[in-house]
Amino acid sequence: MPGADRELFRASRPARLHLITSIVLGLLTAVLIVVQATLLARVVDHIAFGGAGAADVQDDVLLLIAAALGRGLLAASFETSGRYGAARAMADLRARLCEHVLRVRPGDLSGERAGELAATAVQGVDALEAYFARYLPQAVLAMAVPVAIIVVVLPLDAVAALIMAVTIPVIVLFMILIGKGAAAHTRARWASLSRLSAHFLDVVEGLTTLRANDRAAAQETTIASVGEEYRRETMGTLRIAFLSAFVLELAAMIGTALVAATIGVQLVNGSLHFTAGLTVLLLAPELYLPVRQLGAQFHASADGLAASERIFAVLRTPPALAAPTATIALTAPDPRVGAVALHGAGFAYPGRTEPALDDVDLQIAPGETVALVGPSGAGKSTLAALAVRLTDPTSGSISCDGVDLRDVDPDAWRARCAWVPQRATLFAGTVADNIRLADPGASDERVRAAAGEAEALTTIEGLPEGFATAVGEGGRRLSAGETQRIALARAFLTDAPFVVLDEPTANLDEETAAAVSTAIERLCRDRTALLVVHRSALAALADRTVRMDSGRIVNAVPDDRA
């Protein structure tokens with residue numbers, strides 16, 4: 001996967017210092033390998049054929065021990081440096097992936113499956129540890145050690161050096177051929193894992209619906225089928241890995257045997273000194289070892305390489321928002337001073353033939369509350385998303401006080417907005433933590449006051465631990481009405497002058513909807529507000545009602561309360 005390799009190498013910039021350290025350590029390791037083999041051959045020659053005693057070779061033995069210890073220390077440093085570099089590169093890559101999903105494409109994740117995206121961000125990035133920590137550093141050793149050994153062997157035994165120089169490319173060729181097959185199987189395996197993750201998440205999220213429709217058993221069969229596909233792909237990948245190890249071991253063994261045979265013949269003929277012959281013989285296995293280990297590390301990093309294709313595919317998707325550079329970004333306009341206006345705004349979701357919005361013109365004056373009504377699919381929620389800049393229009397524009405919002409930093413504009421979606425999300429944490437999502441530095445008094453304004457104080461105080469009650473994933477489950485009131489408390493906690501509410505009472509009973517409507521009326525007071533509504537009682541809170549149908553505004557009558 002040369003394309004993925006290049007992108008991963010560029011992605012390793014945060015770890016460049018560690019990679020340079022690995023290169024230096026690899027070169028030093030190559031030197032110590034040669035030194036160790038040379039000293040060992042000399043000690044054996046002096047003792048076996050020179051009649052030397054222990055005292056005569058004491059210095060060489062001490063140097064040999066020092067070389068062995070140094071090699072072990074370098075190996076440990078090599079591993080440690082690689083892991084530190086991997087941790088930095090992985091953290092940077094995960095941060096880039098999260099930033100792209102959360103900031104560059106916050107309201108445009110159409111075509112993505114949440115489970116697959118989560119598997120990519122978590123397991124996919126984790127799988128890259130083997131690539132950054134072991135494969136890249138091992139690639140340095142696989143280049144440095146053979147070159148150093150062949151350079152040293154050449155003046156000692158030109159024939160053995162020639163055999164080494166010929167057999168190494170053969171082994172590399174085998175690695176490339178087997179690697180291509182392994183890459184295809186690994187990509188298929190990763191795709192199976194992603195499908196399994198996505199499907200399992202869909203099942204968990206829709207568990208109640210599946211049980212109610214008596215379809216739980218059918219999903220067990222589907223998951224078992226996807227799991228079996230994943231098992232088959234995994235076994236196929238393992239077979240190739242075992243085949244690769246066998247081929248590389250065999251090629252290395254044959255290469256070492258050829259070198260040994262050549263040395264034996266020359267020693268018998270007397271054309272090669274014993275010290276030189278033993279040195280070459282000791283270096284022959286060291287020549288092939290880094291290349292064999294590189295093959296093993298390639299298979300260990302194959303999952304990461306396969307996942308990286310998906311990671312970079314996500315990072316290459318065009319941004320849903322125009323983000324001007326800091327030097328040309330304009331100050332975010334104030335909705336309390338100027339009108340929020342859409343000018344011929346259009347929006348089309350990828351893969352859909354009909355636009356969600358088509359040539360929409362709408363103006364919301366400072367301090368005005370406008371209600372959007374219309375059938376499902378009319379484009380109301382899309383218009384609300386444009387107003388908060390979760391995405392940008394594909395045609396036309398949206399402005400405030402005459403300033404095109406595409407010339408404004410999206411975060412700066414959203415700081416002036418309070419957003420309450422139709423289905424609010426509670427994150428893992430306490431009730432207070434979830435309210436503070438709008439203002440992490442808010443005091444307990446402000447959080448309590450916001451809950452009171454949202455008609456949520458009585459409900460929260462009735463929970464087992466009040467504001468300290470754990471909610472969200474793994475915590476206490478709250479009803480739709482309780483969740484919606486916490487979302488309203490978030491909006492009350494910020495003094496954002498522009499409020500956008502997307503059908504905040506759609507999933508509530510009449511009594512709860514009435515309480516939430518009271519809080520919404522209080523929230524919109526003295527602010528500019530856009531309400532996406534389906535209840536006439538909520539529309540009655542607006543100064544003006546705008547009706548939409550098929551992505552267009554069909555009327556905008558000031559006195560309309562339908």
Side-chain angles (χ1 to χ4, degrees), residues 101-102 105-115 117-118 198 201-212 320 349 356 371-391 414 417-429 431 433-438 450-451 454-456 459-460 469-494 499-517 519-520 523-524 529-535 537-539 548:
V101 172
L102 298 177
R105 299 178 60 198
D108 182 29
L109 291 177
S110 55
E112 301 284 0
R113 297 187 71 182
L117 202 57
L201 181 60
D202 290 343
V203 169
V204 171
E205 290 180 338
L207 193 58
T208 304
T209 303
L210 291 171
R211 284 177 175 171
Y349 289 101
L372 289 181
V373 299
S376 296
K380 306 185 299 297
S381 294
T382 301
L383 194 152
L386 292 182
V388 191
R389 285 209 73 196
L390 295 179
T391 189
R414 290 193 207 109
C417 302
W419 162 253
V420 181
Q422 181 177 347
R423 292 180 177 83
T425 300
L426 294 183
F427 298 94
V431 172
D433 292 336
N434 273 274
I435 295 176
R436 281 196 181 94
L437 191 67
E455 302 288 334
T459 299
I460 295 173
T469 301
V471 294
E473 190 72 25
R476 184 184 179 90
R477 294 180 65 88
L478 300 183
S479 68
E482 291 168 338
T483 300
Q484 207 63 16
R485 284 182 237 192
I486 290 177
L488 284 170
R490 292 171 181 165
F492 275 108
L493 192 61
T494 176
V499 178
V500 179
L501 301 101
D502 186 2
E503 301 199 23
T505 61
N507 304 304
L508 310 181
D509 58 67
E510 292 294 334
E511 182 180 353
T512 305
V516 170
S517 296
I520 289 173
L523 176 65
C524 296
L530 176 64
L531 307 179
V532 176
V533 301
H534 75 292
R535 295 177 185 263
L538 196 56
M548 294 189 67

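These figures come from a predicted structure and were not determined experimentally. Positions are given from 1, in the same order as the sequence printed here.
Remark: Arg490 pairs with no residue by the salt bridge (Lys or Arg N to Asp or Glu O under 4.0 Å) rule, at least two apart or across chains. Taking the side-chain contact (heavy atoms from CB on, under 4.5 Å) definition, one finds that Leu478 meets it with Leu426, Leu463, Val471, Arg476, Glu482, Thr483, Ile486, sequence neighbours left out. Looking at residues two or more places apart in sequence or on another chain, you find a side-chain contact (heavy atoms from CB on, under 4.5 Å) between Cys524 and Thr369, Leu501, Ile520, Ala529, Leu531. Listed by chain and number, the residues in a side chain to side chain donor-acceptor pair (under 3.5 Å) with Thr459 amount to none (sequence neighbours excluded).
In terms of heavy-atom proximity, Tyr349 sits nearest to Ala356 at CE1-CB, 3.5 Å. A pairwise comparison of heavy atoms in Ala387 and Leu530 identifies CB-CD2, 4.1 Å as the closest pair. Smallest separation of non-hydrogen atoms from Leu493 and Arg436: CD2-CA, 3.8 Å. Shown here for Pro504 and Val516, the closest heavy-atom pair between the two residues is O-CG1, 4.5 Å. Ala450 and Ala489 make their closest contact through CB-O, 3.4 Å (heavy atoms, listed as atom of the first residue, atom of the second, distance). A pairwise comparison of heavy atoms in Phe427 and Leu437 identifies CE1-CD2, 3.8 Å as the closest pair.
When atom types are taken as modelled, the side chain of Arg414 and the backbone of Arg389 share a donor-acceptor pair closer than 3.5 angstrom. Checked by atom type and distance alone, the side chain of Lys380 never pairs as donor or acceptor with a backbone atom of Met548 at under 3.5 Å. Not one N or O on the side chain of Glu503 forms a donor-acceptor pair closer than 3.5 Å with the backbone of Pro421.
Contact check for Leu386 versus Thr391: side-chain heavy atoms found under the 4.5 Å cut-off. Two residues are said to be in side-chain contact when any heavy atoms from C-beta on lie closer than 4.5 Å; Asp502 and Trp419 meet this criterion.
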